[in-house]
Number of protein chains: 2
Amino acid sequence: MRKGEQTRKGIVDKAYLLAGQLGLEGVTLGTLASSLSLSKSGLFAHFKSKEALQLEVLEEAIGRFTRHVVTPALGKPRGLPRLNAMFDGYLSWIRGVSGRGSCLFLSLAHEYDDRPGPVRDRLVESQRAWLDTLAKAVRLAVSEGHLRGTIDADQAAIELVGIGMAYQHATRLLKDPKADKRARAAYDALLQRLRK
Amino acid sequence: MRKGEQTRKGIVDKAYLLAGQLGLEGVTLGTLASSLSLSKSGLFAHFKSKEALQLEVLEEAIGRFTRHVVTPALGKPRGLPRLNAMFDGYLSWIRGVSGRGSCLFLSLAHEYDDRPGPVRDRLVESQRAWLDTLAKAVRLAVSEGHLRGTIDADQAAIELVGIGMAYQHATRLLKDPKADKRARAAYDALLQRLRK
DNA sequence: GACAAAAACGACCGGTCGTTCTTATTCTTC
DNA sequence: GAAGAATAAGAACGACCGGTCGTTTTTGTC
């Protein structure tokens with residue numbers, strides 16, 4: 001019972017990697033199998049359907065995001081330090097942990113915005129959770145006295161995501177060398193507005 | 001030579017419509033043909049390859065964007081009126097001219113950010129042009145005395161695009177009823193910063 | 001080392017993909 | 001209305017899709 005789990009993990013890992021470049025639909029069982037030196041049927045035997053595999057890959061992504069971005073930020077003191085850590089982590093996540101591959105969530109957001117089903121549902125759930133996490137961090141910064149009390153935390157959260165999306169757009173599609181600087185400047189401006 | 005052009009136009013129009021929901025790769029010749037009551041080969045005869053069709057669809061999108069967003073805005077007086085018109089037009093474009101279908105450019109940005117080729121090249125070109133158009137409108141607003149002279153127009157342009165992307169995210173994936181309000185608030189805040 | 005269970009294999013299913021032919025129909029023009 | 005070109009259809013192709021099957025190899029346990 002040990003070898004199976006190990007292989008299964010390898011499949012999900014590889015699928016996660018490929019999905020960052022090709023989208024979840026773009027990862028076919030055939031190419032996934034051959035890139036792992038596995039037979040297609042041998043690979044498929046680990047999952048009930050391709051959709052089940054896709055859901056596992058999405059879950060893997062959520063786990064990685066939590067580990068890479070959310071948890072470290074929660075280790076920081078409430079208020080601006082934590083918010084800063086979240087934004088830094090978010091940028092570094094989008095930049096790609098190991099260089100290649102883009103943010104899976106933003107890819108899937110477009111891939112599934114018109115495709116109903118469990119994958120879309122789970123994706124929406126995770127995106128709302130991320131927005132809530134950001135908004136909560138903003139509210140804590142308010143209660144810590146770091147930010148004004150009159151601000152709209154949900155508005156701030158979605159603007160933060162907007163900065164992240166623009167960053168991805170600039171860095172991955174346009175190959176803009178100033179992308180980092182731009183994202184940072186946008187964040188600083190947003191913060192200044194919230195502080196005032 | 002007239003019937004052909006007409007059919008061809010119908011194909012590109014329909015393909016443009018479908019691509020908004022399925023992406024350019026997602027539009028297959030078979031489904032495209034049958035949705036037009038055409039045979040697959042009869043449809044294909046109008047193009048040398050699928051990639052050629054994709055490029056024509058992208059060109060169609062660029063033309064529509066120019067007609068719906070850029071040109072009307074250029075009819076407005078330089079400065080804030082024109083910038084406002086651009087932003088309004090951008091939002092309405094993302095919202096979908098006829099209700100359904102998302103912004104093709106943003107879909108393609110993710111679909112092709114890791115897929116080299118002529119489609120990607122043309123897409124990047126068009127996106128840079130849009131950023132330049134926005135930045136130029138900002139600069140004109142500066143020279144008209146509507147905005148501060150110390151601002152970074154390119155920075156402002158990419159932040160505008162970021163607001164648009166966040167808007168699309170909120171409205172299409174998350175079905176957030178406040179999406180319009182949020183985008184407007186972000187724009188107002190940005191404008192206030194640029195004016196100060 | 002035997003033996004059952006787990007895991008991987010290879011062949012194959014019906015379908016669809018983009019593409020290429022040849023053949024038939026429909027236009028346009030004189 | 002006939003001639004010739006433009007347009008569409010039809011059939012077929014090789015490759016690949018997700019998925020199923022029975023069989024063989026590997027693995028963990030006693």
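Fair warning: this is a prediction, and the values are worked out from it, not measured in the lab. Each chain gets a letter, A, B and so on, in the order the sequences are listed, and its residues count up from 1.
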Which pairs would a plain distance check flag for residues 135-144 of chain B, meaning a side-chain donor or acceptor within less than 3.5 Å of a matching protein atom at least two apart in sequence or in another chain?
residue  : atom : partner  : partner atom : Å
B:Arg139 : NH2  : B:Asp154 : OD1          : 3.3
B:Arg139 : NH2  : B:Asp154 : OD2          : 3.4
B:Ser143 : OG   : B:Leu140 : O            : 3.0

N or O in side chain of A:His46 less than 4.0 angstrom from C:dA6 OP1/OP2:
no

Hey, can you pull the residues of residues 49-60 of chain A with a non-hydrogen atom under 4.0 angstrom from DNA chain D?
A:Ser49, A:Lys50

Fit a plane to each ring of B:Phe87 and B:Tyr187, take the angle between them on a 0 to 90° scale, and name the class: parallel (under 30°), tilted (30 to 60°) or perpendicular (over 60°).
parallel

Consider the side chain of A:Ser41, meaning its heavy atoms from C-beta on, and name the nucleotide among C:dT20, C:dA11, D:dA8 that approaches it most closely.
C:dA11

Is there a donor and acceptor pair closer than 3.5 Å between the side chain of A:Lys40 and the base of D:dG19?
yes

Using the test ring pair (Phe, Tyr, Trp, His ring centres under 6.0 Å), find all partners of A:His146 that sit at least two apart in sequence or belong to another chain.
none

In residues 25-39 of chain B, which ones come under 4.0 Å of DNA chain D, going by heavy atoms?
B:Leu38, B:Ser39

Could you state the atom-to-atom distance from CZ of A:Arg2 to C1' of C:dA8 in whole Å?
18 Å

So, using side-chain hydrogen bond (donor to acceptor under 3.5 Å, both in side chains) as the criterion, who are the partners of B:Thr66 when residues are at least two apart?
none

Whether B:Glu125 and B:Arg128 form a salt bridge (side-chain N of Lys/Arg under 4.0 Å from carboxylate O of Asp/Glu) is what I want to check.
no

Would you mind reading off the distance between A:Gln6 atom CD and C:dA6 atom P, rounded to a whole angstrom?
17 Å

Rounded to whole Å, the CD-P distance (A:Glu5 to D:dG28) equals 12 Å

Which residues pass the side-chain hydrogen bond (donor to acceptor under 3.5 Å, both in side chains) test with B:Thr71, not counting sequence neighbours?
none

Considering only heavy side-chain atoms of B:Phe44, the closest of C:dT19, C:dC9, D:dG10 is C:dT19

